[in-house]
Amino acid sequence: MRSYLANLRTALSTLLNALLGGEAPETLSYRSAKARRSGKRWGCLMCRLLDAFDRDHCDRTLRWWEE
């Protein structure tokens, strides 16, 4: 069940990112992490929000996508 919920969360994040104009294969957290790295304010704010629920979420997402 945990794997199912994780997959569902990833799918929803990918869908939300696409609806907001992001690249189709990316999740919202990866897009936010890239934006934060580029110094964009919205990326910093989104990563702060995500990190409040899951510590270092954006940093781990960057490492996972870029490995």
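Since we're looking at a predicted model, the values are computed, not measured.
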Pair K34 + E66, salt bridge at N-O below 4.0 Å: no
Would you give the length of the straight line joining atom CZ of R63 to atom CG of D56, rounded to the nearest 0.5 angstrom? 7.0 Å
Assess whether atom CZ of R48 is packed by more than 12 heavy atoms of other residues, nucleotides or ligands within 6.0 Å. no
How about R60 and D54: do any of their side-chain heavy atoms sit closer than 4.5 Å? yes
Rounded to the nearest 0.5 Å, how far apart are CG of L19 and OG1 of T14? 11.0 Å
Does any pair with a residue in residues 11-43 pass disulfide (SG to SG under 2.5 Å), and if so which ones, sequence neighbours excluded? none
Qualifying ring-ring contact (aromatic ring centres under 6.0 Å, His included) pairs, either residue in residues 35-56, two or more places apart: none
At what distance, to the nearest 0.5 angstrom, does CG of D59 lie from SG of C47? 7.5 Å
Single-linkage hydrophobic cluster, 4.5 Å side-chain cutoff, L49 and L20 together: yes
How many angstroms lie between atom OG1 of T61 and atom CZ of R31, to the nearest 0.5 angstrom? 14.5 Å
Going only through I, L, V, M, F, W and Y residues with side-chain contacts under 4.5 Å, is there a path from L28 to Y30? no
Please indicate whether R37 has more than 12 foreign heavy atoms, meaning atoms of other residues, nucleotides or ligands, lying under 6.0 Å from its CZ. yes
Looking at every non-hydrogen atom in both residues, tell me the closest pair between C58 and A33 and how far apart they are. O-CB, 3.7 Å
One should read off an interatomic distance between T27 OG1 and W64 CH2, to the nearest 0.5 angstrom, of 8.0 Å
Between CE of M46 and SG of C44, what distance do you get to the nearest 0.5 Å? 12.0 Å
Quick one: which residue pairs count as a ring-ring contact (aromatic ring centres under 6.0 Å, His included) with a foot in residues 1-26, not counting sequence neighbours? none
